[in-house]
Structures are given as C-alpha cells and as structure tokens.
Amino acid sequence: MEIVLRNIAAGVISIDSEGVLRTINTSAERLLGLSSANVLGKNYRDVVSDKHLEMASESIRELLQSKQGTISKQIFLDLNGARLALQLHLTLLRAGNSEIVGMVAVLDDLTQMMRAQRMAAWREVARRIAHEIKNPLTPIQLSAQRLRKRYLSRFSDDEKVFDECTEMIIKSVDDLKTLVNEFSNFARMPAIQPEPNNLNMLIRESLTLYQEAHRGVKFVISTDARMPLLMIDRDQIKRVLINILENAVAAMEEHGTVTLSTVFDDVLKMAVISISDDGPGIPTEDKSRLFEPYFSTKKSGTGLGLAIVSSIVTDHGGFVRIRDNIPHGAVFVVELPAG
Ligand SMILES: Nc1ncnc2c1ncn2[C@@H]1O[C@H](COP(=O)(O)OP(=O)(O)O)[C@@H](O)[C@H]1O
Ligand SMILES: [Mg+2]
C-alpha cells in the first residue's frame, strides 16, 4: 500500500477521528510543500495555515453531512507565492461496525490543465480581435496616404498640422498592424511537426542570426555533446529560443551577458536548455503570471512572447520554468523529452 501511495501522482493525506495526520504521500508533500517528518502525528489544525483553516474545517463539515460519506470540490491554495488549483476528494473512513475512524483526502493538481484551458480561451479571443481589427486598417492607411499626396503641397511650412496628423495616422496604423499580426500568429499557431533534429546545432543557428542584431550583448554558449537527436519542430523551437532571448536582451537593455547551455539528462531522458541573463530579474509576484497571454510590464509589449513559449513547449511534452540567476537576472529552463 505504501509503495502504491508513493508512486501515484495524486496527493493523498489521511487523518484519524481525532484529526491527527496519519498518512502523507510523496505527491502531497510536493504539492503542499510539506515534509511528512515534520507533520505526521500532529493535528491538522496545527499544520494548516490560518488562511486555509476555515476552508479545511468547512470541507470536513460538508463531508460529515454528506449522505455518501464523500465529497469532491475545487479549491485554490496560495502557497509560496503561487496559486494552486486543486480538485479535492474527501472520503470518510469507516470501520467494520460503521464507526468513523478518520478520513482520507485526495488532491489532484489542476493548475496545468487550467493554464491550458485559459490559453485556449485566449486564443479564441485573439483570433476574433485580429479578424475584426484587421479589415479596416488598410483603407484607413490608404486614405491618409491619398490625402497627403493630394493636399500636402497646398499647405505652407507654418501649417504643420496636416503633415503631422496624416503622418501620425499612417504610423499608428502600422503599429496596429504589427500588433494584430502578433495576435493572429498566436491564435493560429500551427500544430507541431516533430522531426529528428540536432538541438545543439539549432541553438547555434538561431544565435548566429540573433547575435548580429545585438552587438552590445555577449552571448556565451555551452552545449552537451551527448545530446541525442530530438523529435522537435525546428521552426517552433527556434521561436521559443528567440522569444526568450528577446526578453533577456530587453531586460538587460542591450548590455550584459546571455548564457545558453544544453544538458542531456540521461536518467530522466530530458534535454535541458537554460538561458540566463544578468538583467534585473523577475519580481516574485510576477513569476506566476509571466506565461499568461497579455501579461507584460513593457509599455508597448504584447505579453504574447512567453505565452507562445509555454504553448509550444507544452505541445512538445516539455516544461518551462523560471529561476533566479545569481547574483541577479533570470534563468529560463526548458525541458524537452529525449527518446
Ligand atoms: N529575462 C527577463 N528578465 C526580466 N523580466 C522578464 C524576462 N523575461 C520576461 N520578463 C517579463 O515577462 C513579461 C512577459 O514577457 P513576454 O510574454 O515575452 O511579453 P512582452 O515581452 O511582450 O512583455 C515581460 O514584460 C517582462 O516583464
Ligand atoms: Mg517578449
């Protein structure tokens, strides 16, 4: 039984009729950031933090009142700066004589799934917005250009208004077009076409082009020669790299060092790509929202870069995480399945 509990993805916790914690499996420890050595044998009331205690007691009350002796509901926990969405199943444990001897809680992590759902909803919104905005842009721009052509010469040098305003319309429409294009790229991201590819080479290729345009930044690259061929979509993984590099270079304001490394983890069979910069880093409160579409701290940012990264990496069956760089800066870690 213990081996089974240790190896399932769901968190499992049991308490006895007094409320004393009797079982906490590995997944529950990981999900809730607990160590069973510290909490087993204690009353749950002393372990659950104050802000979550009300919800715990409420759930237990519901359970005791339920006819079937089991309830299931969605809960949110704020732990270590991140918000977890969990499905909680509570079941009463009864002895042979139907006396209540405790209860067991099973926790499923819904955070990833909800991220994916939110992403799908955003894509739909992006698709519609792009469609609606795109159509009138070209006539607006053409009209402004025609006005200029026809009437600009009629104004003297003192009357700059006509010149400035038409120029402004044309430029603003250009900006809008760029934005709308990014929207529709995000909405219409093609399905991945995985083929055997040499990751190290792909990284070098992407970097060569990129380096040219950013002379103020030093790029350091180290690749693991043991890296096997990966089943990945070249163009999309390139897009992942470029989107992360763009942010790193912007955060450092074009000055500093970006380090790219690949490591092949032959135990987990994972390719690990790390991209670190020595910019200002990412504030803790932003970390959980970074991958959400339209989250941006930049004045003219779209907030789509990392949403696209997250969606491509997920499509490849991989993960992307953020770490703090030491002494300052951010590290983006992309893990892709290898073999
Ligand atoms: N390397 C980095 N250092 C600091 N902040 C970063 C870094 N990468 C991303 N960010 C933050 O994440 C936000 C979202 O990035 P992204 O999704 O690419 O959108 P955008 O670049 O349009 O703002 C950025 O606005 C920035 O605040
Ligand atoms: Mg970006």
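Note that ligands are numbered from 1 as they come in the structure, with each ligand's atoms numbered from 1 the same way.
Ion pairing between Arg215 and Glu254 fails under the 4.0 Å rule for side-chain N and carboxylate O.
Shown are the protein N/O/S atoms under 2.8 Å from the Mg ion (ligand 2), given by residue and atom: Asn247 OD1.
The shell of residues lying under 4.0 angstrom from ligand 1, judged by heavy atoms, excludes Phe291. Taking a 4.0 Å cut-off on heavy atoms, Gly281 registers as neighbouring ligand 1. Taking 4.0 Å as the cut-off, Leu290 counts as a neighbour of ligand 1 on heavy-atom distance. The closest approach between Gly279 and ligand 1 stays at or above 4.0 Å for every heavy atom of the residue.
For Glu58, the CD atom is densely surrounded, since the number of other residues' heavy atoms within 6.0 Å is greater than 12.
Atoms of ligand 1 found under 4.0 Å from any heavy atom of Gly305 (numbered from 1 in listed order, with element): 16 (P), 17 (O), 18 (O).
Using a 4.5 Å cut-off on side-chain heavy atoms (C-beta onward), His89 and Lys73 make no contact.
Counting only heavy atoms of the protein, atom 27 (O) of ligand 1 lies nearest to Thr297 OG1, 2.4 Å. Of all protein heavy atoms, the one closest to atom 23 (O) of ligand 1 is Ser296 OG, 2.6 Å. Protein heavy atom closest to atom 17 (O) of ligand 1, with residue, atom name and distance, is Leu306 N, 2.8 Å. Closest to atom 6 (C) of ligand 1, if we only count protein heavy atoms, is Ile282 CG1, 3.8 Å. Remark: minimum distance from atom 19 (O) of ligand 1 to any protein heavy atom is reached at Gly303 CA, 3.1 Å.
Note: Leu304 CG to Ser310 OG = 12.0 Å, rounded to the nearest 0.5 Å.
Between Phe332 and ligand 1, no N or O atom pair is found at a separation short of 3.5 Å. Residue Asp277 has at least one nitrogen or oxygen atom sitting less than 3.5 Å from a nitrogen or oxygen atom of ligand 1, judged on distance alone.
Cluster annotation: Val20 and Leu64 are assigned to distinct hydrophobic clusters (Ile/Leu/Val/Met/Phe/Trp/Tyr, side-chain heavy-atom contacts under 4.5 Å, transitive).
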